[in-house]
Every structure is written in C-alpha cells, then in structure tokens.
Protein chains: 2
Amino acid sequence: MKSLLKSLEILEAVAEHQPVSVGELAKRLSLPKSTVQRVLLTFHEAGWLRQRRGDMTRWEVGARILGVRPPELNGGRLYAAAREPMRELRDATNETVHLSIPDGLNSVVLIDRADCQQNVRTFSPLGDAAPFHATANGMAIMAWLSDQEIDDIIARGLPAFTEQTITRPDRLREELAAIRQRGYSLNMSNYRPAICAIGAAIMDADNRPVGSLCISMPQSRYDPARLSQWGQQVVEAARRISLMQPADPI
Amino acid sequence: MKSLLKSLEILEAVAEHQPVSVGELAKRLSLPKSTVQRVLLTFHEAGWLRQRRGDMTRWEVGARILGVRPPELNGGRLYAAAREPMRELRDATNETVHLSIPDGLNSVVLIDRADCQQNVRTFSPLGDAAPFHATANGMAIMAWLSDQEIDDIIARGLPAFTEQTITRPDRLREELAAIRQRGYSLNMSNYRPAICAIGAAIMDADNRPVGSLCISMPQSRYDPARLSQWGQQVVEAARRISLMQPADPI
DNA sequence: TCACGTCGTGCCATATTATGGAACGCCATG
DNA sequence: CATGGCGTTCCATAATATGGCACGACGTGA
C-alpha cells in the first residue's frame, strides 16, 4: 500500500516540523503539493491533524493520537510507577535518568526522562528509537529475553556506531551474561560518542522485561569508583517499578 | 482518500483491542480479511504495528507512534511540569486529578492522571476526548480563549449529555465570565452523571491556555463548603505549572 | 484416523482511487 | 502595477487498492 506508507511519512514529517505548511512539506519530501494537501486534509478529517489556532495554513498533530499507544502504556501504569523512582534516582545522582520500552524486537524507545540540573547534560528527544545492542537500556532489556529472542535480535545485525559498539555475537552474549549476573548494564560510549549510561530492566509480574531505566551522563563525569553504588541504585529503582507492573494479559 | 481513512480506523481498532488477530479485526470492522491484512502488513512495514512477542498472529501498536505527538507535549514539558503539582493536589484532596490539553478547538483530551486511594473513584482512560462546554477542564481552557475562538466552539453546537449540561450559548458565556472571575471552573454532573470536577487552566508564557487541571470526584463526595478552598488549590497548582511553560514558537 | 471448521496467507482480474500537472485566486513585496 | 510565492481546486489518466477465492496449517471432535 504505497499510499498509506506515503501518508505515514507525511504524518511523521508533520510531527517533526510542526507547525508546518503544505508547501514546506512538499519540498521536504519531494512530493507534489496537491498530493501532500490531500493527505493532510484526510488526516484532518480523521482527527489526526489539525490547523494551528489562528493560522489555517500551518498543520500540527492533534491529540487524538494520544489514544493510540503501545500496550505497555495502557493505563499509564509504567509512566506512573516510574515517576517517583526516576526523580529520586535523578536527585541521588544529579544525572539525567531515561525510561525506555522495547518496540517489539526492533529497538528501544525513550518514553520519559528526568532531567538533571547540570550545565552539561545528555539530551535525547522523547520517542527516539535506539538499537538494543548498543545502549544501556537496550542491553538491560535484552539480557532478560529468551534465547530465541536474543538470537532473533542478533540475526538482524549488530551495526557499529562507535569504536566501542559490541558487534561480535559471542562478545554480546558474554556481556548479557555479565548483566544478568550484576543486575545492571553498562554503556561506555557504545552508541553515541562521549555518552555513558548505567541501566537496569523493569520486569512485569510474569518476570518479562517491559522496559528499562538508565542513568545517562557525559563521559567526563563517569567515575568508575561510583559504578557499583550507582549500579545498585538503578537496579533498586527498577525493582521498585517492577513491583507495580501487572502481569501480561494473554 | 478512502484507503487512508480506512487504514486509520483499523489502526485505532488495533489500539483499542490489542493484541488482536486479523480475523477478529475483520469481523469487528466488517471488512474483508485480505484488506485488513494488507493494511496491517503495511503499518508493520512502516514500524507502526508489530506482532506480539511469541505470537505472530496477534497485532499491537508499536512504540514508534510515541515520537508523533501534539506540539504541547514536545519535550514533555507539560507532563514533566505537571507531575509534582498533580501529586500534591491529589494528596491534599484525596481525589483523582486529571491533566488535559485542547485538541484544536474540537475537544479536550485527557493526557495524565493522578489516581486517589479511595474505594470509590472516578475513572477515565488516558486519551479520552471530551467536549469543551460540558467539562471542568474544557470550560477552564475555553474561558481564556479569544472571543472568536469561543464563538467558533459554540457554533459547532452544544449537545446535552445530562440534565445539567449548559446548552444555551448565553448561559455558557455567563459561566465562562464567572470562571474568569473566580479562576476555577466547575462541573456538576454536566457531562457524566454523578461526576463533579473543579478545574483551572494552565497558561504558557504568552498567556494562552495550553492545558488544564481538575479535581475529579464522585458527586457523593462533593462538598460545597470546601469548594472555595479546593478551587484555590487547583488554581495555585495550575499557576505553578504555568510558570514552567515556554512561549509558543510561531 | 479422518473429516471438519477455523484461521492466516497469497493471488489476481477488475474497478476504484490516488496521482500530479496545470490553472486560479490571494497576498505581500519591490 | 508587476512579480513571485503561496494554498487551493480540478480532472484525465495511470496506478493501485480491492475482495472473492483457494491453499495450507492447525486444532477439534466424531
């Protein structure tokens, strides 16, 4: 369905550049103006896009989309449960804390953030997708997946993002075993240069990983002497959130 | 674009019933199986839907959609700013607190909730859309819109939901004036029977309403003697959140 | 063991539908 | 007053979504 794929591209472009005009979108996506406009009007008809207040020529994403969420977020239980522990972890470390969930076996997506107060801090936009094998949040989740699911992720390839990215399957499996043993995962600039993170998985009542938490910091502030303490704090925060997660309904 | 409208209906149906199978969707929407499957595969290709872990025949919403959000939520500043005040308001009143944002001039949408601990409590699912003229959150926002925008909403009709719904335009304008004067809005079973609420608008740095907060309670616990105090508390909580809202970029 | 019903999947001729170039009206600018 | 850029509309045409049908897999009950 080419038209649907094209429409979703347009929707995502609106989300990224809102509020945005027809012409701008057409240029950006190299599509005819009339095609773009037809799609915008159709999304509008469905309630997914709206015109900006006071400016009928600029489009933005409507609130209807907020009713369409992955099942992990239904009832907002993960958000709600993570809120307080994330704040406390942020305050205890004075570093930014990230909350992510897996998107199937494709990637991990950042869904919430507790920002620290430092002048130099890491930043990732909410909704950002990142690979399992190169991030603290990704590896923390991956460590608790079944062997078959791990094989599946590895089979999709382990691209390198920095010199530190783990790209060899056997090396990755070793690292996952280490994570299972110590409880927390470690990202030493494996994904983005000069960004380190310490992560731990959040489990549901069936002991399946449904998300993860990490402390994200500039490499300049990474202190090996504190690793063990911070690792335990992340694990403890994740455990508290895990206790509030329901079982997965079939 | 019929095909796009149909596809969005299917996507929304998946969100509502996830995890869901092809056949179930086809029955529910009265569409041919092959059509539904083609749409599911296309959404999958675009990363918007995924198969449930361990069950290739059940579909659910993927995390990619989390990157597509209304502009009010960009950076999560409203969520983040509202978090603490909402909790405090909930604790102070022991009632559920709702956070909503306007969807253009169409409706207000519930985006967050701080649940109270009572055995009897109100419940609305996140993402729920409600009319401006019949809810505390809606009227709180509406009160601070321009005259033209208010006219616009009224022109779309003021349907009745209960005996108490305000359906006469002049009566609604009076109520909005009263809200502007006292600072908080009031819903006395105007929308859902036996549910009351006290609301106040959240303003951005340009003094435009970008959302609203309300205390939502069963009518049985509504106490006129406390109205003034709770009203002031909602207004104060909304004001604290407002101070953290950025100006609206053109 | 076999027959049956159910489900997900793949195919393909057909008709519906999306396409995009062109033209129009509007507005701000020089 | 001319110009360029914008959003919008139209329509013949080609591209594409459609959906009935059939196949294979699976689970069930006779």
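Remember, predicted model here, so these are calculated numbers, not experimental data. Chain A is the first sequence line, chain B the second, and so forth, proteins listed ahead of strands; every chain is numbered from 1.
Of the candidates D/dG7, D/dC6, D/dA17, the closest approach to any side-chain atom of B/S3 belongs to D/dA17. Picking from C/dG20, D/dT18, C/dA18 the nucleotide with the shortest atom distance to the side chain of A/K6 gives C/dG20.
Here the P atom of nucleotide C/dG8 and the CZ atom of B/R52 are 15 Å apart, to the nearest Å. Following rounding to the nearest Å, B/L29 (CG) and D/dG19 (C1') show an atom-to-atom distance of 15 Å. Atom P of nucleotide D/dT8 and atom CD of A/E24 are separated by 14 Å, given to the nearest angstrom. In this structure, NZ of B/K27 is placed 9 Å from C1' of C/dC7, rounded to the nearest angstrom. Rounding to whole angstrom units, CE of residue A/M1 and P of C/dA18 are separated by 10 Å. Straight-line distance from the CE atom of B/M56 to the C1' atom of C/dG8: 11 Å, rounded to whole Å. Distance, A/K2 NZ to D/dA15 P: 9 Å, rounded to whole Å. One atom, CZ of A/R58, and another, C1' of D/dT8, lie 16 Å apart when rounded to the nearest Å.
Among all heavy-atom pairs drawn from B/M139 and B/L172, the shortest one is SD-CD1, 4.3 Å.
Ion pairing of A/R28 with A/E16 is absent here, as no side-chain N (NZ or NE/NH1/NH2) approaches a carboxylate O to less than 4.0 Å. Of the charged side-chain nitrogens involved, at least one lies within less than 4.0 Å of a carboxylate oxygen, so that A/D170 and A/R168 count as a salt-bridged pair. The existence of a salt bridge linking B/D147 and B/R173 is excluded, since no basic side-chain nitrogen approaches an acidic carboxylate oxygen closer than 4.0 Å. Taking the charged nitrogens against the carboxylate oxygens, A/D103 and B/R64 have no contact shorter than 4.0 Å, which rules out a salt bridge.
A donor and an acceptor atom, one from each side chain of A/N106 and A/R156, are located under 3.5 Å apart.
For the pair B/L31 and A/W59, both in contact range of DNA chain D, the more 5′-proximal nearest nucleotide belongs to A/W59.
For residues 33-50 of chain A, proximity to DNA chain C is found at A/S34, A/T35, A/R38, defined as any non-hydrogen atom under 4.0 angstrom from a strand atom.
The backbone N or O of B/N190 sits less than 3.5 Å from a side-chain atom of B/T165, completing a donor-acceptor pair.
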